2 protein chains.
Amino acid sequence: MAEQTGNLTAPSGRIDFECSPETYRHWKLAFHGETAELIMNVDENATLFEGYQLKLNSYDLGVDIELADALQRLRFEHPEVKVVVLKSGKDRVFSAGANIRMLAGSSHGHKVNFCKFTNETRNGMEDSSEHSGQKFLCAVKGTAAGGGYELALSCDRILLADDGNATVSLPELPLLAVLPGTGGLTRVTDKRKVRRDLADAFCTTEEGVKGKRAVAWRLVDRTVSSSRFDATIVEMARELAAQSDRPSDATGISLTALARAIDGDRVVYSTVGVEIDRHGKRATIKVQGPTTPPPGTTAEIHAQGADFYPLRLSRELDDALLHLRLNEPAIGTLIFKSEGDPDLVLAYDALLAAHQSNWLVREVLNNWKRVLKRIDVTSRSLVALIEPGSCFAGTLAEIVVACDRAYMLDGRLEGDNRPEARLALSALNFGRYPMSNGITRLETRFLGEPESVGTAKARIGEPLAASDAAALGLVTESFDEVDWEDEVRIFLEERASFSADGLTGLEANLRFAGPETMETKIFGRLTAWQNWIFQRPNAVGPNGALKRYGSGVKGDFDPDRV
Amino acid sequence: MAEQTGNLTAPSGRIDFECSPETYRHWKLAFHGETAELIMNVDENATLFEGYQLKLNSYDLGVDIELADALQRLRFEHPEVKVVVLKSGKDRVFSAGANIRMLAGSSHGHKVNFCKFTNETRNGMEDSSEHSGQKFLCAVKGTAAGGGYELALSCDRILLADDGNATVSLPELPLLAVLPGTGGLTRVTDKRKVRRDLADAFCTTEEGVKGKRAVAWRLVDRTVSSSRFDATIVEMARELAAQSDRPSDATGISLTALARAIDGDRVVYSTVGVEIDRHGKRATIKVQGPTTPPPGTTAEIHAQGADFYPLRLSRELDDALLHLRLNEPAIGTLIFKSEGDPDLVLAYDALLAAHQSNWLVREVLNNWKRVLKRIDVTSRSLVALIEPGSCFAGTLAEIVVACDRAYMLDGRLEGDNRPEARLALSALNFGRYPMSNGITRLETRFLGEPESVGTAKARIGEPLAASDAAALGLVTESFDEVDWEDEVRIFLEERASFSADGLTGLEANLRFAGPETMETKIFGRLTAWQNWIFQRPNAVGPNGALKRYGSGVKGDFDPDRV
């Protein structure tokens, strides 16, 4: 029962989520007015780890990091793009999905976090379609297998070439004894609404389904001959573009490189600082409030571009979270702190709320929504410490509500002259940042006392003292200066003493009360089952299917059902 | 990465789900008019396996088998009981939950199936409350820890003694590094609607919560001093009884022992036969249709009692499923067949539909609903083979729709003179048997083409030939006599060649398209995470918390988060 450890090594020790089109190895973007082509052409030698090759447009996390970057740029740098056509740059294959040797050689933790990130990226595509007016058409020529087909499933429409060669398939179970791990099962049943026995047949058929049967089974939307393929793309893209509300005449902003310095146990950005306490198995993420008042117009926001405070902060926070997830697995607790002027944060929120219909402001808000969702599904204990000098207001207060616990200091610590802690809500806390369950964090929090949402709403904009915040149920507890340090210390020490896995499971259950959606199903049911399978000898044991893949010898399976 | 194997041995090799009050070792029923007391008083020496004692009202599967039996008898034998008061027969403890040494010594498969059965039993309590008018009040004196509190959570109301001793707790995570496995987390957030940070605090506090705080946190409904405890039970029971529509003047029927003979690889009941093919890793469950027309009146149904065909069949089928789950883990595929006159099955369905408001008929239908749900969450591949002479009609056709695949023979095999296969639907297929996702199996099946439900409904009562059934989408495929045997054989062999774990995960995802409910959350999110944790070294490894429990040495945890 020893923990499975990966045998792959990264050339550099650290996985970096920052990249830009100039350095892409695997993707190409081409722009044609309201349509962009996003072309997957994986460089088989440009792998994240050593020990495998990315043949047949298979991918590892490095490929997906570029994809996530490309999608961000399509949102922010290309407001004119209404439809993204996803294609393969290779002749005979669309994509073979996640690279199997990479999976076989990865640690359990890497596999799980790889799947989580790829899921977030694909959920983000659907979010763009629904909320940013950027639609996706997947044009499949050649085979789209496993993660390749799952990428197609994330698109609004799937076109399949009817050429005797192009197929879609989810061969994970028959081939590898694992599940399609990037939302495939959920999207097959709940998005494409494939009949369950046909879905069962599809997911147990290694060679997949092609042509008219793929349409009949609802696996793809259309299939056309090779000669009509390109014309049909144009036609389908035009249909999708007609559903988009993106502006034709706007100019994008440039997503400049993040200001970031990594120095041992510290990561310093312009608005975020991460400090790791290895002994305590925790990291403090300190968010800096804005230092200047917000601009007055959308033109000024546009002029600030990637420097616009809310956008800059959300990007830096996102990078910090991903860094901690992938590079710091032993850091089990994330402590959120903030520092700054809550009134300035509220002023920014007011600006965002006032200009929600502006395409750029909409993207900024949608990015915050995604980053906050990223916090929700981060399998670390999350605690907010609300101290003198902090600025947890509006959008930043949303971080507090995303945490498993929130503690607020009532008063000041000796020798600290900063203003007493105040928590404040803004209109954005009441609808603009839904969780993946489709309702707000405050609605989820107050499921048992829905009237408390209204009570909190009536206090929008008010600086709430610790006693008020506690009475409103916005924080777990408030402590005075006598108890503060001891209580916080005891909590953090206790948390670090618990089983990391137990906490992961506990938090994944407690954070998502209320309704379920396709997204929560993916992170709940599907991911949890996949993680279980990723622990089972039939998949990952020495004689399991993943290890034996390519050896010509089938997995040696324990037949027992549990 | 060797499979964890249990070191406990059952004195008899086979786990039996049949029992009756005369042989109960752990429970007592007492009747006071419209109220019954269900008293837990576990005999610590009457364990299912050797190697542990059931101290402090802790339980193993044997205790839960008796509980499930008691609940069935309350439904069928006691129509006059409107409220069941759940109590402890011990002074200082309500229940310590699932026995830890039993869990530590059990195989992974046993742990998972133990949790599944206990979940089904508790879901059944909620079903009785909602659909049978039998309400549950849990009266907690002493400590209700882990599964003890989860049992309370399944009740409509929880009363907690305010005596400085009585507490409720979910100490699984801090104590054992596992999750509360019987719906606790889901019910805390989604039924009791406890605020998530308080839920987090509650689930990480070994000693639990008592008195007024337990009420303030929504963990219990009321807390009263010892002196007012009994009077409050009476008061609360009266309130619940007022919500019940159970008849005061009806007489129950007796749930007589099942007619069952186990002979090697065969289990024979009066209406069900199970035949195991060990080499093929599959079992055939053949359901016999009724041999006589249904009775004409509810009085006659009552007179037949447990012999009434639909009730008899559902009880026998239930027992067969549980037997296969717990005693035959290597049998990965269940083949459902039937034999009899479909018209007679439809006649029984018509009788049931006509008398739905009769208390006994309602119980018979509710029992079928639960048995069909048991099929849905059985982690074996399910296939229906619809052959000449079969009687998959109405309620029995629901089994077909519960299967992962359904194949129908179009025509006859050489030398077989039985009538060609016909499938038929009844009104009961369109609402009376919802799945745990809250919609019918046909609605789930036709999520992508809801009009197909109406099309099928228009054919109620009609004997549908294979080609019709296939055209209506009710079966996966129909084969003629030339292809039948080969196609079926190939399917079964292929299925047996797949990884058992992969299939379990696949089926758990594909079977539950559409909406989610508390029940699907318990079997989806919660169970899947718990199963994952049941595989993790932090819990079950040689230095994990379960193995070290009671040794005085804490679990030695790998701090890495995945």
Side-chain angles (χ1 to χ4, degrees), chain A residues 1 3-4 108-109 112 173-174 177-179 185 189-190 193 195-197 199-200 203 218 281 329-330 332 379-380 404-405 445 447-448 473 476 498-502 504-506 508-511 513 516 524-526 528-529 531-533 535-538 541 545 555 557-562, chain B residues 1 3-4 108-109 112 173-174 177-179 185 189-190 193 195-197 199-200 203 218 281 329-330 332 379-380 404-405 445 447-448 473 476 498-502 504-506 508-511 513 516 524-526 528-529 531-533 535-538 541 545 555 557-562:
Chain A
M1 203 69 202
E3 171 72 330
Q4 184 219 2
H108 181 62
V112 169
L173 175 91
V178 301
L179 302 184
L185 298 182
T189 55
D190 283 75
K193 299 188 169 79
R195 220 176 70 200
R196 58 172 274 203
D197 54 346
D200 182 281
C203 296
R218 311 176 62 86
K281 302 192 190 90
S379 70
R380 311 292 167 97
D404 301 304
R405 306 274 189 107
R445 183 175 186 83
L447 215 54
T476 313
F498 295 144
S499 158
D501 307 315
T504 290
L506 184 77
N509 278 278
L510 296 184
R511 288 178 189 168
E516 297 262 339
R525 183 184 287 271
L526 175 54
W529 276 114
N531 291 359
W532 176 72
I533 289 170
Q535 286 285 290
R536 300 285 294 159
N538 282 353
F557 296 141
D558 176 349
D560 277 12
R561 284 284 194 131
V562 298
Chain B
M1 202 69 200
E3 171 72 330
Q4 184 220 2
H108 181 63
V112 169
L173 176 92
V178 301
L179 302 184
L185 298 183
T189 55
D190 283 74
K193 301 187 168 78
R195 220 176 71 199
R196 59 173 274 203
D197 53 346
D200 182 281
C203 297
R218 312 176 61 87
K281 303 192 190 90
S379 70
R380 312 292 167 97
D404 301 305
R405 306 275 189 105
R445 184 176 186 83
L447 214 53
T476 313
F498 295 144
S499 159
D501 307 314
T504 291
L506 184 77
N509 277 278
L510 296 183
R511 288 177 189 169
E516 297 262 338
R525 183 183 288 271
L526 175 55
W529 276 115
N531 291 359
W532 176 73
I533 289 170
Q535 285 286 291
R536 300 285 294 159
N538 282 353
F557 296 142
D558 176 349
D560 277 12
R561 285 283 194 131
V562 299

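It should be emphasised that the depicted structure is a prediction, and the values quoted were computed from it without experimental measurement. We name chains A, B, ... by the order of the sequence lines, and we start the count at 1 in each one.
Summarising the geometry of A/Arg561 relative to B/Thr504, their closest heavy-atom pair is NH1-OG1, 3.1 Å, with the distance given to 0.1 Å. A/Lys193 approaches B/Leu447 most closely through the heavy-atom pair CD-O, 3.2 Å. Closest non-hydrogen pair, A/Trp532 versus B/Asn531, comes out as CD1-O, 3.2 Å. When all heavy atoms of B/Arg195 and A/Arg445 are compared, the closest pair comes out as CG-O, 3.2 Å. The shortest non-hydrogen separation linking A/Leu510 to B/Cys203 is CD1-SG, 4.3 Å. In terms of heavy atoms, B/Asp560 sits closest to A/Asp501 at O-OD1, 4.3 Å.
When each of A/Leu185, A/Asn509, A/Asp190, A/Leu506 is scored by its heavy-atom pairs under 4.5 Å with chain B, the top score falls to A/Asn509. Across A/Gly502, A/Pro329, A/Ala545, the residue that shares the most heavy-atom pairs under 4.5 angstrom with chain B is A/Pro329. Highest contact tally toward chain B, considering only A/Pro174, A/Ala177, A/Ala508, is held by A/Ala508 [criterion: heavy-atom pairs under 4.5 Å].
Looking at A/Ala199, both its backbone and its side chain come within 4.5 Å of chain B, counting heavy atoms on both sides. Heavy atoms of A/Arg218 lying under 4.5 Å from chain B belong exclusively to its side chain.
Applying the side chain to side chain donor-acceptor pair (under 3.5 Å) criterion to B/Thr189, with sequence neighbours excluded, gives no partner residue.
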